[in-house]
Amino acid sequence: MSEERIQRGLDVIQGYMGQNGEHAVKQMQELNGDFATLIIELFGDFYSREILDNKQKVLVTLSSLIALGAWDQLTLHALNAKHQGYTATQIYEVAIQSIPYVGIPQATNALKTLKNILE
């Protein structure tokens, strides 16, 4: 594990998520140090790609987390969406647009999760 790769990951997380990123790193480190290192490195590898901008990456992430039912991670990444300039209405719309693909129950759970943090 290279220190440069870890630092790149931390830099990308900070730029992409701001204070929410610091919180996420701390949570991962509390779970398991090796897990945190791997995720930080992977985050740096994927999120430093420049084909999509950060706002586009947020939409992909939110949609994926809704489809997976990953509510804790959706909470963090919805806050990141706000950090990237999305409004609460726009973030809710991601869940609404997911209905045909993930179903009403999954979208309902996403909206409940989002409401708890956006209002």
Side-chain angles (χ1 to χ4, degrees):
M1 294 178 245
S2 77
E3 289 298 318
E4 296 100 27
R5 194 168 170 225
I6 293 169
Q7 189 58 54
R8 178 178 60 179
L10 290 171
D11 292 344
V12 168
I13 290 169
Q14 177 63 36
Y16 184 68
M17 302 178 98
Q19 291 179 333
N20 296 321
E22 293 173 21
H23 180 69
V25 168
K26 183 178 176 187
Q27 282 185 322
M28 288 185 294
Q29 289 170 333
E30 288 173 358
L31 284 173
N32 182 280
D34 290 339
F35 171 77
T37 298
L38 288 169
I39 299 301
I40 291 166
E41 289 175 339
L42 287 171
F43 201 96
D45 293 344
F46 284 96
Y47 281 83
S48 63
R49 293 173 53 87
E50 297 178 354
I51 297 166
L52 299 177
D53 66 27
N54 285 344
K55 285 190 80 168
Q56 292 167 323
K57 291 172 189 172
V58 167
L59 294 178
V60 172
T61 302
L62 292 176
S63 298
S64 298
L65 295 172
I66 291 168
L68 291 168
W71 310 129
D72 289 342
Q73 292 76 18
L74 180 61
T75 298
L76 172 67
H77 287 278
L79 292 172
N80 181 43
K82 287 186 77 174
H83 175 75
Q84 291 294 330
Y86 283 105
T87 65
T89 301
Q90 291 170 317
I91 297 167
Y92 287 134
E93 187 64 20
V94 174
I96 292 167
Q97 290 294 319
S98 74
I99 292 169
Y101 305 100
V102 303
I104 293 169
Q106 197 81 331
T108 300
N109 289 334
L111 287 167
K112 286 180 184 178
T113 299
L114 293 171
K115 185 173 182 157
N116 286 336
I117 60 163
L118 296 175
E119 293 184 8

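Quantities reported herein were computed from a predicted structural model and do not represent experimental measurements.
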Separation between [atom1] of [X] and [atom2] of [Y], rounded to the nearest 0.5 Å:
X: Lys112; Y: Asn116; atom1: NZ; atom2: CG; value: 9.5 Å
X: Ile39; Y: Gln29; atom1: CD1; atom2: CD; value: 12.0 Å
X: Leu114; Y: Glu93; atom1: CG; atom2: CD; value: 12.0 Å

Check your understanding: Do Val58 and Leu62 have side chains that get closer than 4.5 Å, going by heavy atoms?
Key -> yes
Review point. Are Ile40 and Gln7 close enough that some pair of their side-chain heavy atoms sits under 4.5 Å apart?
Key: no
Study note, to complete from the structure: Those residues at least two apart in sequence (or on a different chain) that pass side chain to side chain contact (heavy atoms under 4.5 Å, CB included) with Ala67 are Val102
Check your understanding: Who are the side chain to side chain contact (heavy atoms under 4.5 Å, CB included) partners of Ile104, not counting sequence neighbours?
Key -> Ile99, Thr108
Practice item. Answer yes if Leu68 and Ile91 sit in the same cluster of Ile, Leu, Val, Met, Phe, Trp and Tyr residues linked by side chain heavy atoms under 4.5 Å apart, and no otherwise. Key: no
Where do [X] and [Y] come nearest, in terms of heavy atoms and distance?
X: Ile13; Y: Gly21; answer: CG2-CA, 3.5 Å
X: Ala95; Y: Ser98; answer: O-OG, 2.5 Å
X: Leu76; Y: Asn20; answer: CD1-O, 3.5 Å
X: Ala78; Y: Ile117; answer: CB-CD1, 3.4 Å

Point to revise | Expected output: side-chain Gln106 to main-chain Ile66 donor-acceptor under 3.5 Å | key: yes
Point to revise | ring pair (Phe, Tyr, Trp, His ring centres under 6.0 Å): pairs with one or both residues in residues 12-36, sequence neighbours excluded | key: Tyr16-Phe43, Tyr16-Tyr47
Review point. Should Lys115 and Tyr92 be marked as a side-chain contact (heavy atoms from CB on, under 4.5 Å) after you check the CA-CA gap, both sets of side-chain angles, and the distance that decides it?
Key: CA-CA 8 Å; Lys115 185 173 182 157; Tyr92 287 134; 4.0 Å; yes
Practice item. Just grab all the side chain to side chain donor-acceptor pair (under 3.5 Å) pairs involving residues 65-89, residues at least two apart or on different chains. Key: Thr87-Gln90
Study note, to complete from the structure: Contacts satisfying salt bridge (Lys or Arg N to Asp or Glu O under 4.0 Å) that involve residues 51-68 (not counting sequence neighbours) are none
Point to revise | Pairs involving residues 6-30, ordered by first then second residue, that meet salt bridge (Lys or Arg N to Asp or Glu O under 4.0 Å) (sequence neighbours left out) | key: Arg8-Asp45
